[in-house]
Amino acid sequence: MSNEQISKLLRNVATAYTIKDEAKFRFQIIAYQKAADSILNNSIELLDYYKDGKLQDIPGIGVSIRGHLEELFATGNVKYFDWALKGIPESVFVLIEIPSFGPKKSYRLVKEFKLTNPKTVIKDLKKIAIKNKIASLEGFGEKSQKDILRAIEEFREGKGKTTRMVLPFAAEISDKILTYLRKSEHMVDARTLGSLRRMVPTIGDIDIAVASNNPEKIIEHFISYPYIDRIIEKGSISASILVSGGRQIDLMVQPPNAFGSLLQHFTGSKNHNIALRELALRKGLSLSEKGIKNLKMKNSKILQYSSEESFYKTLGLEWVPPEIRENTGEVELSIKNKLPKLVEVSDINGDFHLHSNFPIEPSHDLGNNTIDEMIKKAILLKYSHIGFSEHNPSISKHTKDQMYNLIKARNDQIDHILSGNKSIRVLKLLEIDILPSGELAMDDRSLNLLDFAIVSIHSVFSMDKTKMTHRVIKGLSHPKAKVLAHPTGRLLNERPGYDLDWEKVFKFCKENNKALEINAWPTRLDLSDQIIRQAVSQKVKMIINTDSHASYQMENMKYGVAMARRGWAQKGDILNSLGYNKFMEWVKGGEL
DNA sequence: GCCGTTTTCGGCCCGACTGTTTTCAGTCG
């Protein structure tokens with residue numbers, strides 16, 4: 001069972017409890033939802049935790065839920081869940097996937113109209129709404145009947161939060177809205193917050209905070225956005241719209257004096273905020289987007305904060321970088337003033353996974369820009385050294401000698417360009433396939449033309465974990481192989497990536513002076529933040545590369561750095577932060 | 001059901017908005 005399926009199962013238990021007796025099960029509901037969230041956000045298979053007897057390491061999973069999950073893995077079923085879910089038709093759990101459908105509404109509609117077929121429940125409900133049968137129900141009306149129809153329609157079309165965007169796409173939409181908002185004379189400041197500010201790999205909706213003394217005017221301006229599809233909701237200080245393309249934008253306004261608490265609130269994550277608010281409660285304080293209320297003093301005013309720093313400071317906390325606001329230990333460390341100093345874009349001295357358009361007759365895609373163009377871009381980015389890593393010449397279409405000659409020609413081209421340009425150093429690398437056998441797709445004579453090789457998997461992804469781990473380690477074992485590129489092979493919104501035994505891979509990298517790549521390509525972002533954090537804790541070195549196939553893509557470095565930051569990586573964990581000489585020491589096998 | 005800087009017992013975030021209501025329940029983030 002996948003993490004997603006297990007998460008859904010726990011969420012269903014919470015839903016069932018909510019329907020049966022929300023008051024009685026209040027805290028179990030929260031606990032099950034928390035556990036479900038935690039599992040969904042975990043990029044490591046739960047089955048692996050189970051096999052290692054470490055289910056309880058997952059936050060939100062205690063003795064009770066762990067027991068249930070162990071039963072699930074051992075027998076494929078959980079008696080307690082069967083009991084909890086008893087009496088709730090399966091179609092309820094289908095309806096609840098539609099935004100604006102919660103437990104109560106879903107159950108009520110299923111019961112009222114006997115919608116017992118989970119496969120057709122959405123279609124059936126639509127028919128009933130069209131026949132005007134919902135409006136007359138007590139607690140419903142004309143408006144809610146229309147809303148139900150529209151919610152079903154939008155769900156089918158994948159609008160709103162039902163599909164997630166990759167970071168640059170979300171950033172582009174957000175920038176357009178910000179530019180528009182800034183045209184209002186009532187605007188003092190506007191910022192993109194939520195998961196986009198935290199640099200989560202995929203974004204559900206776009207959250208924007210505005211500082212203004214005239215919120216009504218801002219809201220009016222916001223809902224007049226020319227590319228609007230419809231207004232989802234609109235109040236006095238917040239509003240949500242759907243823009244063309246089906247993306248949801250949430251807006252919230254506070255006066256400039258309270259902008260700090262709004263920034264904090266709307267950046268999240270939800271779990272970080274809950275942790276902060278529980279901490280505040282223990283001090284007799286209540287937090288919200290409006291500011292801080294002192295609960296010990298009767299009818300005291302809410303204290304306002306114009307900056308996030310002052311807001312955190314009042315709680316006795318160090319300001320927390322948005323990328324690590326996930327309640328995974330950052331709150332505890334910020335109390336002690338012991339947050340790590342995370343790596344920054346300005347620490348990056350080079351990019352080592354670049355594909356030029358040099359006709360190397362590769363196994364996979366060629367780049368779009370010349371070596372010269374990419375070097376010029378690297379100079380603009382103030383890099384001191386870079387590396388070209390085109391794919392190896394296709395092994396099936398060339399003899400060994402032909403491959404050798406192609407690589408030599410590429411190297412000569414680099415030397416030729418460098419002879420007229422001394423402002424940057426350029427390493428001669430290649431990205432080489434690790435064949436299913438674990439062998440590299442190039443012989444030693446050709447490999448010796450390189451400063452080092454980046455190795456990666458580009459075929460036969462479906463190997464099991466043990467075999468894939470063996471394949472990767474064998475590939476990395478070649479003395480010229482120094483970096484494992486896009487280590488899981490995941491493609492966001494497309495495929496999950498293969499499984500590796502990370503303990504083994506980490507150990508091998510550490511003992512043999514190899515590095516794991518953090519690939520900054522926006523649909524890869526591979527490694528995940530979670531695995532980066534494990535690698536950091538085991539002192540495995542990493543290198544952030546853009547995998548650019550065009551010079552403008554070299555600006556994607558910021559996304560790779562963001563993943564490193566989300567994984568709590570510091571400058572010392574990231575090889576790109578080294579100067580040329582130190583870097584070459586590492587290349588040649590020296591300890592750092 | 002989970003969790004720990006006052007706690008292994010006794011807590012558990014906070015507010016906005018909507019529709020159907022005359023004061024609130026449901027949903028969302």
Side-chain angles (χ1 to χ4, degrees), chain A residues 10 13-15 17-19 22-38 56 58-69 80 84 96 98-109 134-148 151 160-161 193-195 204-207 209 215 219 231-240 248 250-254 261-262 264-293 295 302 315-317 327 331-336:
Chain A
L10 296 186
V13 173
T15 300
Y17 275 154
T18 310
I19 293 164
E22 190 174 17
K24 182 179 163 192
F25 294 116
R26 194 166 149 216
F27 297 111
Q28 280 94 328
I29 292 167
I30 295 171
Y32 271 90
Q33 282 169 342
K34 227 181 213 176
D37 270 348
S38 180
Q56 220 163 346
I58 298 168
I61 294 185
V63 182
S64 172
I65 295 182
R66 183 192 63 178
H68 297 323
L69 292 179
Y80 180 79
I96 209 168
I98 303 171
S100 82
F101 280 66
K104 302 283 176 70
K105 188 153 111 183
S106 301
Y107 183 69
R108 179 85 197 284
L109 291 167
I134 296 176
S136 54
L137 234 53
E138 199 194 330
F140 290 79
E142 286 290 336
K143 189 72 171 61
S144 48
Q145 181 170 270
K146 263 187 203 159
D147 287 346
I148 286 171
K161 297 170 191 188
L193 305 178
S195 49
D205 66 354
I206 289 165
D207 300 312
I219 302 281
I231 300 164
I232 295 169
E233 60 182 31
K234 159 181 126 53
S236 60
I237 61 164
S238 77
S240 295
Q248 182 172 336
D250 295 339
L251 182 95
M252 211 181 269
V253 189
Q254 282 292 323
S261 51
L262 177 59
Q264 198 292 313
H265 165 78
F266 219 15
T267 298
S269 66
K270 188 179 165 190
N271 289 333
H272 175 81
N273 286 0
I274 290 176
L276 235 53
R277 286 166 185 200
E278 285 178 348
L279 175 83
L281 268 184
R282 292 198 288 273
K283 299 179 178 210
L285 303 172
S286 171
L287 312 182
S288 77
E289 62 269 36
K290 296 164 184 295
I292 302 180
K293 215 167 19 183
L295 298 171
I302 293 178
L315 298 171
L317 301 177
N327 192 29
V331 176
E332 292 79 359
L333 287 181
S334 79
I335 295 170
K336 299 182 202 153

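Every heavy atom of this structure was used, including side-chain atoms; hydrogens, water molecules and symmetry mates were not. Just so it is clear: chains get the letters A, B, ... in the order the sequence lines come, proteins before strands, and each one is counted from 1.
Applying the 4.0 Å criterion to OP1 and OP2 of B:dG1, one finds that A:Y80 has a side-chain N or O inside that range. OP1 or OP2 of B:dG26 has at least one side-chain nitrogen or oxygen of A:K104 nearer than 4.0 Å.
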One character per nucleotide, please: for nucleotides 13-23 of chain B, 5' to 3', B when the base has a protein heavy atom closer than 4.0 Å, S when only the sugar-phosphate does, - otherwise.
BBSSSSSSS--

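When rounded to the nearest whole Å, the span between CG of A:L279 and P of B:dG4 equals 13 Å. To the nearest angstrom, C1' of B:dG26 lies 13 Å from CD1 of A:I29. The separation between A:R108 atom CZ and B:dG26 atom P is 10 Å, rounded to whole Å. Nucleotide B:dT27 holds its P atom 19 Å from the CG atom of A:D205, rounded to whole Å. Following rounding to the nearest Å, A:E22 (CD) and B:dC12 (P) show an atom-to-atom distance of 17 Å. In this structure, A:I61 places its CD1 atom 14 Å from P of B:dG1, rounding to the nearest Å. Separating the CD1 atom of A:I19 from the C1' atom of B:dA25 is a distance of 15 Å, rounded to the nearest angstrom. When the P atom of B:dC2 is taken as reference, atom CG of A:L10 falls 10 Å away, rounded to whole Å.
Under the Watson-Crick or G-U wobble criterion, with both distances below 3.5 Å, B:dG15 is paired with B:dC28.
The line from CD1 of A:I61 to CZ of A:R66 is 10.0 Å long, rounded to the nearest 0.5 Å.
With C1' as the reference atom, B:dT6 and B:dG11 are 12 Å apart, rounded to whole Å. Rounded to the nearest Å, the gap between the P atom of B:dT5 and that of B:dC12 is 16 Å. Straight-line distance between the P atoms of B:dC3 and B:dC13: roughly 14 Å, to the nearest whole Å. Straight-line distance between the P atoms of B:dT7 and B:dC2: roughly 22 Å, to the nearest whole Å. As rounded to the nearest Å, B:dT27 and B:dT20 have C1' atoms that lie 15 Å from one another. Across B:dT8 and B:dC14, the matching P atoms stand 23 Å from one another, rounded to whole Å.
Closest heavy-atom contact between A:G60 and A:I65: O-CD1, 4.3 Å. Here the closest non-hydrogen pair linking A:K290 and A:I302 is O-CG2, 3.7 Å. Considering every non-hydrogen atom in both A:F140 and A:I148, the closest pair reads CE2-CD1, 4.1 Å. Contact between A:V13 and A:A84 at its shortest, heavy atoms only, is CG1-CB, 4.1 Å.
Nucleotide B:dT7 carries a syn base; the chi torsion (O4'-C1'-N9-C4 or O4'-C1'-N1-C2) is within 90° of 0.
Here A:Y17 lies out of heavy-atom contact (under 4.0 Å) with every strand. Using a 4.0 Å heavy-atom distance criterion, A:F101 is classed as a sugar-phosphate-only contact.
Qualifying salt bridge (charged side-chain N to carboxylate O under 4.0 Å, His left out) partners for A:D147, counting only residues two or more places apart in sequence or in other chains: A:K143, A:R150.
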Under 3.5 Å, sequence neighbours excluded: what are the donor-acceptor pairs made by side chains of residues 101-108 of chain A?
unit_1	atom_1	unit_2	atom_2	d
A:K104	NZ	A:E22	OE1	2.8
A:K105	NZ	A:S100	O	3.1
A:S106	OG	A:G102	O	2.7
A:R108	NE	A:E112	OE1	3.3
A:R108	NH1	A:E138	O	3.0
A:R108	NH2	A:E138	O	3.2

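Remark on DNA chain B: of its neighbouring residues A:K283 and A:G62, the 5'-side contact belongs to A:G62, judged by nearest-heavy-atom nucleotide.
Aromatic ring pairs are classed by plane angle as parallel below 30°, tilted from 30° to 60° and perpendicular above 60°; the pair A:F25 and A:Y17 is parallel.
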